[in-house]
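Report on the following structure.
First listed ligand is number 1; within each ligand, the first listed atom is number 1. All heavy atoms count here, side chains included; hydrogens, waters and symmetry mates do not.
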Amino acid sequence: MREHRGSVMALKTVKVPREIEPLFARVEPIVADYFSARISNPTRGTIEIGGQRYILIRAASLSTEFFQLVRRLYGGGRDAEADNFARNMLFDLGHAIGKSDAECFHEKMHLEDPIARLSAGPIHFAHSGWAFVDISSESNPSADKNYYLLYDHPYSFEADAWLRGGQRSSAPVCVMNAGYSSGWCEASFGIPLVSVEILCRAAGDSVCRFIMAPPETIAERVEQYVKCRPHLAARMHTGTVPELFARKRAEEQVFRQNSLLSVMNRLLRKSLGSASAEELAKFCLGEAQQLTRSQAGFIGALNAAGRFDMIAVTGSNVPAARQNLPIRGIWGKVLHSGQSAIVNDPFGDPDGIETACGCLTSTPFLGVPLRDGEKVTGMVGLVNKKAGYDQADLEAIESLGSAFAEILAHKQVQTDEAAVPCVSAASVVAANAAAAQVGG
Ligand SMILES: [Zn+2]
């Protein structure tokens with residue numbers, strides 16, 4: 001590490017508010033030293049900087065040409081959808097690279113202070129050819145929810161790729177710049193950060209300007225900025241806040257759908273075997289518990305007397321009486337109303353105290369009715385998911401509920417056709433189904 005050789009006004013690779021210039025001035029020569037140790041060896045196809053392998057990538061291939069490729073893959077008439085996909089993908093990629101580069105650089109250069117860690121980012125950025133960084137004095141880089149960074153990236157490689165290719169975009173294009181810078185700062189401050197570009201040269205603006213903040217405050221920060229600059233409001237692009245969390249939710253939805261399909265497949269295989277209706281009900285209950293991370297539950301059916309028979313039940317306090325139970329309490333509401341219910345605070349629910357099982361009231365509860373057509377024939381009850389139940393749990397069990405009812409009823413018909421007397425409570429499912437058909 002060499003000593004800083006110039007005054008604080010001698011910053012060459014970044015522009016920052018005067019009060020934090022000294023911090024950047026201390027780090028600038030450190031980063032310069034790092035990049036001066038570059039060894040390029042084309043005979044082996046390697047570039048090394050500071051002992052790390054680097055690769056050179058042509059800027060346009062990661063920007064305008066990538067957008068074009070994705071548009072071709074999506075096909076005609078889907079440009080907006082394609083651009084959104086490309087934008088999200090490039091943001092995530094930039095964010096991951098920025099975060100990873102920062103962690104590596106901080107460790108290698110023994111940088112501990114968050115501002116010192118941040119200050120290496122824009123300088124690293126400049127040396128690696130992404131852009132020059134100009135940080136506004138309005139910024140407030142603090143390691144909490146008040147974090148706010150307002151900055152420009154003159155000479156952004158992405159905007160240049162579009163402009164040099166003679167192309168204009170209707171929205172900002174410097175998404176890797178936004179991703180990389182927020183990834184670097186996230187690693188520097190140890191808090192989640194995202195960045196959005198509100199003005200972009202590739203979209204006809206005079207600058208590429210970004211706002212960086214925690215995900216929960218970024219929309220508010222952008223709104224505040226626009227309010228204070230009504231003359232710029234018409235030009236600003238405020239609808240491109242990175243959708244990191246929307247994508248996360250989409251991934252979770254895909255995961256749940258795949259899980260549901262797997263359960264359906266296992267259930268189908270099980271139903272084709274020799275399992276009894278009761279065994280099938282136990283199997284269904286096990287799958288429902290696993291899917292919702294519930295520790296206990298039950299599946300039961302309404303009997304001819306309008307009371308409740310448990311078919312399968314799990315948990316540490318399984319009730320001794322499982323047949324002909326009076327319908328009341330939280331779970332009774334599901335049978336009476338025919339509506340699924342989530343009760344995460346049973347003691348706060350007026351119906352929460354009274355229950356047929358006595359053991360199911362003190363923990364979060366999810367109840368889903370089983371039906372034959374419109375008629376309620378039974379229900380699935382799940383309890384004790386530590387985090388409480390949510391809408392996704394409810395929808396998953398509702399999806400499975402129709403399969404549960406169908407398979408249990410079908411199994412009972414098979415049993416009856418085989419002329420095997422069956423007095424298990426599961427027979428009530430088929431009995432009620434038949435009654436409903438006659439009644440309908
Ligand atoms: Zn831009």
Anything under 3.5 Å between a donor and an acceptor, one on a side chain of residues 397-404, the other on a protein residue two or more places apart or in another chain? List them.
unit_1	atom_1	unit_2	atom_2	d
E398	OE2	S340	OG	2.5
S399	OG	E395	O	2.9
S402	OG	S399	O	3.3

For this session: Name the orientation class of the two ring planes belonging to W184 and F105 (parallel below 30°, tilted from 30 to 60°, perpendicular beyond 60°).
Result: tilted
Problem set entry | Residue Q52 excluded, over 12 heavy atoms near CD under 6.0 Å | yes
Exercise. Going by chain and residue number, what protein N/O/S atoms come nearer than 2.8 Å to the Zn ion (ligand 1)?
Worked result: C174 SG, E197 OE2, C200 SG, C208 SG
Exercise. What is the ring orientation for F298 with W331, classed by angle as parallel under 30°, tilted 30 to 60°, or perpendicular over 60°?
Worked result: perpendicular
For this session: Anything under 30° is parallel, anything over 60° is perpendicular, the rest tilted; go ahead and classify Y34 against Y54.
Result: perpendicular
For this session: Quickly, which of V14, V31, T13 forms a side chain to side chain contact (heavy atoms under 4.5 Å, CB included) with P122? Name it, please.
Result: V14
